[in-house]
Q: 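Please read through the structure below; I'll follow up with questions.
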Amino acid sequence: MNDQPARWSQATVYPDMWTDPGDDPRDGATPDGELATLRDFLTNYRHTLRMKCEGLDAEQLARRSVPPSTMSLLGLVRHLAEVERDWRGWLGAGGPPPKLYGVRDGDFDGAVADQAVVDASFADLEREQAETDAALAGYEDLGERVGKDNVSIRELLVHRVEEYARHCGHADLLRECVDGRVGQ
């Protein structure tokens with residue numbers, strides 16, 4: 001018997017896609033302007049991460065699918081909650097707020113197969129995303145520089161997109177290792 005999951009996709013129109021185009025929450029009109037485009041890409045990557053986690057139980061979400069790495073889908077959710085929180089610290093002079101999950105790598109190490117941890121982690125991510133979005137909502141000038149490091153709002157937004165994009169790539173591989181599901 002083979003322990004490798006069979007590759008599969010939920011899509012029926014294009015078998016290499018995650019879902020059919022008509023069911024994809026990321027499809028829509030292309031926005032106008034740089035700020036709207038950056039926000040749209042961030043929203044789409046956030047949807048992608050959630051899609052990669054859909055339909056899995058606590059054990060599957062917490063599974064470290066690529067040993068010896070501590071990375072798991074649940075760990076990615078927790079990590080992105082942690083970095084959303086950290087990014088808000090870039091806006092002010094005081095630095096980042098305290099870590100959500102305590103010690104370094106607590107986001108990944110604490111991603112255990114417990115439904116209460118799963119629920120709390122997704123709630124943390126949603127809350128931290130909303131708080132960071134609200135903190136950035138007042139900045140319309142992408143060239144405005146903020147915080148003790150004098151970072152531009154543009155750089156902060158691009159970095160957020162880059163972070164989600166990179167981790168969505170990890171999520172693709174982790175999900176395929178869990179149950180064989182592949183796609184965009």
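Everything quoted here is computed from the prediction, not taken from an experiment.
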Q: Is there any ring-ring contact (aromatic ring centres under 6.0 Å, His included) pair reaching into residues 151-182, and which pairs are they, with sequence neighbours excluded?
A: His79-His167, Trp87-His159, Trp90-His159, His167-His170
Q: With sequence neighbours excluded, what pairs up with Arg127 under the side chain to side chain donor-acceptor pair (under 3.5 Å) test?
A: Asp124
Q: List the atom pairs, donor and acceptor, that lie under 3.5 Å between side-chain atoms in residues 69-78 and the rest of the protein, sequence neighbours left out.
A:
residue, atom, partner, partner atom, Å
Ser69, OG, Met71, N, 2.9
Ser72, OG, Gly75, N, 2.9
Arg78, NE, Asp107, O, 2.8
Arg78, NH1, Ser121, OG, 3.4
Arg78, NH2, Gly106, O, 3.1

Q: Which distance, rounded to the nearest 0.5 Å, do you find between the CG of Asp133 and the OG1 of Thr43?
A: 7.0 Å
Q: Taking only residues two or more places apart in sequence, or in another chain, which ones meet Asp57 in a salt bridge (Lys or Arg N to Asp or Glu O under 4.0 Å)?
A: none
Q: Evaluate side chain to side chain contact (heavy atoms under 4.5 Å, CB included) for Leu61 paired with Phe122, printing each intermediate quantity in order.
A: CA-CA 11 Å; Leu61 286 167; Phe122 277 96; 4.3 Å; yes
Q: Could you check Leu38, Thr37, Asn44 and say which one makes a side chain to side chain contact (heavy atoms under 4.5 Å, CB included) with Asp40?
A: Asn44
Q: Clusters formed by hydrophobic residues whose side-chain heavy atoms approach within less than 4.5 Å: which one holds Leu100, and what are its other members?
A: Tyr101
Q: Taking salt bridge (Lys or Arg N to Asp or Glu O under 4.0 Å) as the definition, give me every residue that meets it alongside Glu155, ordered by chain and number, with sequence neighbours left out.
A: none
Q: Could you give all pairs that pass the salt bridge (Lys or Arg N to Asp or Glu O under 4.0 Å) test and reach residues 62-73, with sequence neighbours left out?
A: Glu59-Arg63
Q: If only atom types and distance count, is the side chain of Arg175 paired as donor or acceptor with the main-chain N or O of Arg181 below 3.5 Å?
A: no
Q: Please output the side-chain donor-acceptor pairs of residues 138-146 that fall under 3.5 Å, not counting sequence neighbours, one pair per line with the distance.
A:
residue, atom, partner, partner atom, Å
Asp141, OD1, Gly143, N, 2.9
Arg145, NH1, Asn150, O, 2.8

Q: Can you name the residues that form a salt bridge (Lys or Arg N to Asp or Glu O under 4.0 Å) with Arg88, not counting sequence neighbours?
A: Glu128, Glu131
Q: Enter the distance from Arg46:CZ to Leu125:CG here, rounded to the nearest 0.5 Å.
A: 7.5 Å
Q: With Glu126, which residues qualify under side chain to side chain donor-acceptor pair (under 3.5 Å), at least two apart?
A: none
Q: Counting only pairs under 3.5 Å, give me each side-chain donor-acceptor contact of residues 108-120, with atom names and distances, residues two or more places apart or in other chains.
A:
residue, atom, partner, partner atom, Å
Asp114, OD1, Ala116, N, 2.7
Gln115, NE2, Asp119, OD1, 2.8

Q: In Å and rounded to the nearest 0.5 Å, what is the CG to NE2 distance from Leu42 to His47?
A: 10.0 Å
Q: Please name the pair of heavy atoms, one in Ala135 and one in Leu91, separated by the smallest distance, quoted to 0.1 Å.
A: CB-CD1, 3.6 Å
Q: Checking the side chain of Arg160 only, and the main-chain atoms of Arg39 only, is there a donor and an acceptor separated by less than 3.5 Å?
A: no
Q: Does Glu82 have any salt bridge (Lys or Arg N to Asp or Glu O under 4.0 Å) partners at least two apart in sequence or in another chain, and if so, which?
A: none
Q: Kindly compute the distance separating CG (Leu49) from CG (Asp172), expressed to the nearest 0.5 Å.
A: 10.0 Å
Q: With rounding to the nearest 0.5 angstrom, report the CG to CG distance, Leu35 to Leu157.
A: 6.5 Å
Q: Would you call Glu54 and Arg50 a salt bridge, taking side-chain N to carboxylate O under 4.0 Å as the test?
A: no
